[in-house]
Visitor: 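The structure under discussion is supplied below as structure tokens; questions concerning it will follow.
Chain A is the first sequence line, chain B the second, and so forth, proteins listed ahead of strands; every chain is numbered from 1.
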Amino acid sequence: MDSGNQLMLIGSLVHQLFQEVVKKKTQTPNELDRLVQELMSQPKILQELYGIGISEAHIYEEMKNFIPYIHAWSQVYLESSCSVKIQEKEKRKNQWNGKIVEIQDIEENIWSPKFGVKGKIDLTVKTNEHGVSKVMPLELKTGRPSFSAEHRGQVTLYSMMSSDRRQDPKAGLLLYLKDGSMVEVPAGDSEKRGLIQLRNEIIHYLTAKPVLEEGLMPSALPPLPEPIDFERACMKCAHLLTCSVYQKSNEEPIPEAPHAMATLVPKVTDHLQKAHLDYFRHWCLLLHLEVADGRRDSAVRALWCQDPIKRESSGDCLSWLVLESAVTVSEVEAGQFVHSFARSPTHPSSTKLPTVGLQIGDNVVVSSETEIALSLGVIFAFEEASVKVVLDRDLKLYSNWRKKQFHVDRCEYQNTMCINFTNLAKLLMDTPQAAHLRALLIDRNLPSFKQGLSKEVVFKGKHIIKALNKTQQRAVLKTLMAESYSLLKGYPGTGKTSIIVALVRLMVTQGLSVLLTSYTHSAVDNILLKLRMYDVDFLRLGRLSRIHPDLRSHADEIVTQKFKSVSSFSEFYESKLVVATTCLGINHVIFSKRKFDFCIIDEASQVLQVAALGPLFHASRFVLVGDPQQLPPVVQSNQAKNLGMSESLFKRLDSQGATSNLTQQYRMNGPIMKITNLLMYDNQLQCANSHLETATLNLPNYDSLVESGKLSIWLQKIVEPSLRCSVMFLDTCGAAAENHNGSNSVVNSKEAAIVVAIIQALIEAGLTADGVGVITPYRAQVKQIHDLVVKEVTMGQRVEVNTVDQYQGRDKDVILYSCVRSGALKFNASEILEDDRRLNVAVTRAKYKLIMVGDTASLHIYTPFRKLATILEPHQIYQLKNGQEGFVWQDTVSL
DNA sequence: TCTCTGCCAAGAGGA
């Protein structure tokens, strides 16, 4: 298919082969041949071959060409006594004439703070030439021996980076395996100067921020360097379209003829209308703003600039560790090594590892005192006094590893934004699929629907459809009749998951293929866990550690690990009707081969618009499921938010013609539903049945507890399980002021204490701990309440405390909502309490009882709370007064 | 002065 991909795959295979040869010392051509076959049988490689569309035999023939050269190279440079061959090689002009006496490292990873570059060096070798010994980088190339400036420059860069770790070699080796030629590339001051200047110029453009206009509203995209004038190169460039569109979108004028761009730009953007360019420009700007915002406090920056102890205290690092000598590094699979680190006795204050901060599954970078980023990896497990990390290299290969002190730092990649930018660029391509999506998403062509479904379809799916309620049935049929797309708006508790499961089953019975996605892993798995009860087969893509344990038998990584041929991959991948992954997980090889009949995006109102684009490129029709009146996508930059970045694709496409509303809910009782109906849904939400309407909390010990007199009057009133008391607002009347707890988050200790007192009362009245959930907008308050609950509410039960954002999609019998803010507040439009969707999510999590705690007077500055105040009836508000009805304010948080 | 989830990496060649 793509010849570039094939060459690149051969390139990396040859690299692997070469590195194996070097590791295992010299090998005979026969052994090399066996090694090639071994490398090619790796599932990862077979999978890639499937993606490119070429056979094992073909790649094997290509690989065989390299064997004689690798063999000869190792004979000449690694063997100590090979006089005959040295003469032969001296025939070649410029051929390097030294000897490699030791391989010091393979794939050495360097992040150089000095030069601001990073990279992986193929081989770090100790050489001897005319009695002079050096340690220098060796760069391997498998393509045409061009000795080009790019190749030589790469060697020079590696040589510079090496000087961060050891004495500056001022040179490096460049080896072409196509003909075995190897030269020494000088890396003196003059070579370095040009590269550093180039590096700085690139960084200048990469970090440029959007230009701000008056009123601090960003208007223009950051500039790019002037386009080169080289038609032949540009014609073949993979970035020509993006480059041209960017030039058109940028404020700078397009070069005039005879500059190559003068004809190229109009030519390659001919298929695009102004609205398309505007959309690109707008989202490009938003993404840039968000990137700039994220750069402010990146963990990588701290890695350069901050002391490890400081990094540890902010929760991003485990500092001063030793590689445990007792535990050997074990290889998990090719290129993966489990390391066990324990706290070094040299740590100034603590002999224990911190208990908060890094978590299993976090991506990390391991450094020593003097070497930044020796290796990248993932946290694998925590043990009593140690942490296990899977790394991409074996640190015990360093002879002095026992003496080294290590730091393990959190390392976030910026890949998300790459995917978002790529999606945006893909949308502008001159392909039928991109044109189709542009018409729907940018031009907003309304979706059309078939007049009906065939009898056969209805008959086959009858038993599935019958199990749904009337509105659900209508929505499902409409989705199936959609010719391009449709939307499913599911208000809280309306059974979105059930309906998606029904949809997938119906599609499968019709033989339609489905790409099932959502933004988070847990949302994807949520559906799959239900789906698997109906005997529907599916494939789950994504990183194994992120996939629900019960679903791992369906995980790509598990199922395909035993595959031995390209054909087993293609048979397997082509046979799966249902494939599930996250919106950002669309870089799997399967998507280079397959197009699905349907794409379903769940929680679509929480997905960033350009992220939702990703899966849509791979399906003929799509359906978005969500509720724009619940939380929008997370956007950090306030500027980007103000310019509309949190508008999800769902919200953009939501229209009467396209959207089916699910309005019958199965969660909340009447009084709780009434709150959200008046707050958000204009009374459209209904209880699915009359039983639900009047359902109340079961508190078996409540009456006897009241009779015994153990419960103070105020708690009796708050906890009372009657329908009338299903919704209660505890007004702290200004007596519970917020405090700031040192961090930049907000807490309210007195509110926390009240919440805990109520939980205690509920549990004494007979509620189980998993029946109650505590919600609050602020992280710090979550922690405060969580710690108190652990301390005060014993019996080993766990009450779940979390942020509003984390509770979306979930429910509990009783919900306690701690509003936190109280005091002389200044109104701020971007504050999280000002978002009515957040309040809506908070009040719609409870089935039978909703207890809110807050200071009504202070909260009055926020629009959603003002509205809430008009909704609540007098009996639903309880004013806490000191000394009244057995209530006494506590000075401290401990009751 | 707030909410926070995704993405495996840097390089595999070609002009």
Visitor: If every non-hydrogen atom of A:A752 is compared with every non-hydrogen atom of A:Q781, which pair is closest and at what distance?
Guide: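 Heavy atoms of A:A752 and A:Q781 come nearest at N-NE2, 3.8 Å.
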Visitor: Taking all heavy atoms of A:I121 and all of A:S162, pick out the closest pair and write down the distance.
Guide: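 What the structure gives for the nearest pair is CD1-OG, 3.9 Å.
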Visitor: Can you tell me how far P of B:dT1 sits from CD of A:Q636, to the nearest Å?
Guide: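 After rounding, the gap between these two atoms is 16 Å.
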Visitor: Fit a plane to each ring of A:W111 and A:W304, take the angle between them on a 0 to 90° scale, and name the class: parallel (under 30°), tilted (30 to 60°) or perpendicular (over 60°).
Guide: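 If you compare the ring of A:W111 with that of A:W304, the planes turn out perpendicular.
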Visitor: Can you tell me how far C1' of B:dG13 sits from CG of A:D122, to the nearest Å?
Guide: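 Nearest whole value for this atom pair: 13 Å.
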Visitor: Measure from the side-chain heavy atoms of A:D805 and tell me the nearest of B:dA10, B:dG13, B:dC4.
Guide: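 Closest nucleotide among those given: B:dC4.
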Visitor: Can you check whether A:H521 has a side-chain N or O nearer than 4.0 Å to OP1 or OP2 of B:dC7?
Guide: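 For B:dC7, OP1/OP2 do have a side-chain N/O of A:H521 under 4.0 Å.
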Visitor: Less than 3.5 Å apart, any donor N or O on the side chain of A:T803 or A:D805 sitting next to an acceptor on the other?
Guide: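 A:D805 and A:T803 do not have a side-chain donor-acceptor pair below 3.5 Å.
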Visitor: Calculate the interatomic distance between A:I45 atom CD1 and B:dA12 atom P; express it in whole Å.
Guide: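 My rounded result for the distance is 14 Å.
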Visitor: Once you round it to whole Å, what is the distance between C1' of B:dG6 and CG of A:N587?
Guide: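 The distance from CG of A:N587 to C1' of B:dG6 comes to 12 Å, rounded to the nearest Å.
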Visitor: Can you find a side chain N or O atom of A:S146 that sits less than 4.0 Å from OP1 or OP2 on B:dA15?
Guide: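 For A:S146, the contact criterion (side-chain N or O under 4.0 Å from OP1 or OP2 of B:dA15) is not met.
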Visitor: Mind checking A:E139 for me? I need base, sugar-phosphate or nothing, with any heavy atom below 4.0 Å counting as a touch.
Guide: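 Sugar-phosphate contact only - A:E139 comes under 4.0 Å of backbone atoms but never of a base.
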Visitor: Calculate the interatomic distance between A:N415 atom CG and B:dG11 atom P; express it in whole Å.
Guide: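 That distance rounds to 15 Å.
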Visitor: In Å and rounded to the nearest 0.5 Å, what is the SG to CD1 distance from A:C243 to A:I228?
Guide: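 One gets 8.5 Å once the value is rounded to the nearest 0.5 Å.
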Visitor: Considering only B:dC7, B:dC8, B:dA10, which nucleotide approaches the side chain of A:K118 most closely?
Guide: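 Nearest to the side-chain atoms of A:K118, counting from C-beta on, is B:dA10.
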Visitor: Got a sec, which residues hit side chain to side chain contact (heavy atoms under 4.5 Å, CB included) with A:K114, two or more places apart in sequence or on another chain?
Guide: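 Checked A:K114 against side chain to side chain contact (heavy atoms under 4.5 Å, CB included); matches are A:S112, A:S163, A:D164.
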Visitor: Rounded off to whole Å, could you give me the CG-to-P distance for the A:L177 and B:dA12 pair?
Guide: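 To the nearest whole Å, that distance equals 12 Å.
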Visitor: Below 6.0 angstrom between ring centroids: does that apply to A:Y69 and A:Y176?
Guide: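 Judged by ring-centre distance (under 6.0 Å), A:Y69 and A:Y176 do not meet the cut-off.
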Visitor: So what stems show up for DNA chain B if we need 3 or more Watson-Crick or G-U pairs in a row, all under 3.5 Å?
Guide: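 Looking at DNA chain B, no stem of three or more consecutive pairs is formed.
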Visitor: From the options B:dC4, B:dT3, B:dG11, select the nucleotide whose nearest atom is closest to the side chain of A:V634.
Guide: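 Nucleotide nearest to A:V634's side chain: B:dC4.
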Visitor: Report yes if a donor N or O on one partner sits less than 3.5 Å from an acceptor N or O on the other, where the partners are the side chain of A:Q806 and the base of B:dC4; otherwise report no.
Guide: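 A donor-acceptor contact between them is absent.
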Visitor: Can you name the side chain to side chain contact (heavy atoms under 4.5 Å, CB included) partners of A:P864, sequence neighbours left out?
Guide: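 For A:P864 the side chain to side chain contact (heavy atoms under 4.5 Å, CB included) partners, ignoring immediate neighbours, are A:E834, A:D836, A:L839, A:Y862.
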Visitor: Can you tell me if A:E751 and A:S818 form a side-chain donor-acceptor pair at under 3.5 Å?
Guide: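 There is such a pair between these side chains.
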Visitor: Please report the distance, rounded to the nearest Å, between CG in A:N109 and C1' in B:dA10.
Guide: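 One finds 8 Å between C1' of B:dA10 and CG of A:N109, rounded.
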Visitor: Would you say A:K236 reaches B:dG14's phosphate, i.e. side-chain N/O to OP1/OP2 under 4.0 Å?
Guide: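 A:K236 to B:dG14 OP1/OP2: no side-chain N or O under 4.0 Å.
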Visitor: When we call it a touch if two heavy atoms are under 4.0 Å apart, what does A:N420 touch: a base, just sugar-phosphate, or nothing?
Guide: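 Contact class for A:N420: none.
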Visitor: I'd like the C1' distance from B:dA12 over to B:dC8, given in whole Å.
Guide: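 16 Å, rounded to whole Å.
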Visitor: Is the phosphate of B:dC7 approached by A:Y519 (side-chain N or O, under 4.0 Å from OP1 or OP2)?
Guide: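 Answer no for this pair, as no side-chain N or O of A:Y519 is under 4.0 Å from OP1 or OP2.
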Visitor: To the nearest Å, how far apart are A:L376 CG and B:dC7 C1'?
Guide: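 My rounded result for the distance is 14 Å.
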Visitor: Distance check: side-chain N/O of A:T803 vs OP1/OP2 of B:dC4, anything under 4.0 Å?
Guide: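 For B:dC4, OP1 or OP2 has a side-chain N or O of A:T803 closer than 4.0 Å.
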Visitor: Are any of A:T520's side-chain N or O atoms less than 4.0 Å away from OP1 or OP2 of B:dT5?
Guide: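 Answer no for this pair, as no side-chain N or O of A:T520 is under 4.0 Å from OP1 or OP2.
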Visitor: Answer with base, sugar-phosphate or nothing: what part of the nucleic acid does A:Y158 contact at a heavy-atom distance below 4.0 Å?
Guide: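 If one applies the 4.0 Å heavy-atom cut-off, A:Y158 turns out to touch the sugar-phosphate alone, with no base involved.
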Visitor: Can you identify which nucleotide, out of B:dG14, B:dC8, B:dA12, has its nearest atom closest to the A:K44 side chain?
Guide: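 The closest nucleotide is B:dC8.
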Visitor: Would you indicate, yes or no, if B:dC4 has its OP1 or OP2 atom less than 4.0 angstrom from a side-chain nitrogen or oxygen of A:R779?
Guide: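 For B:dC4, OP1/OP2 do have a side-chain N/O of A:R779 under 4.0 Å.
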Visitor: Given that A:G143 and A:R838 both sit by DNA chain B, which one's nearest nucleotide is further toward the 5' end?
Guide: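 Mapping each residue to its closest nucleotide by heavy atoms, the 5'-most match is A:R838.
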Visitor: Which nucleotide, B:dG14, B:dG6, B:dA15, lies nearest any side-chain atom of A:R232?
Guide: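 Per side-chain heavy atoms of A:R232, the pick is B:dA15.
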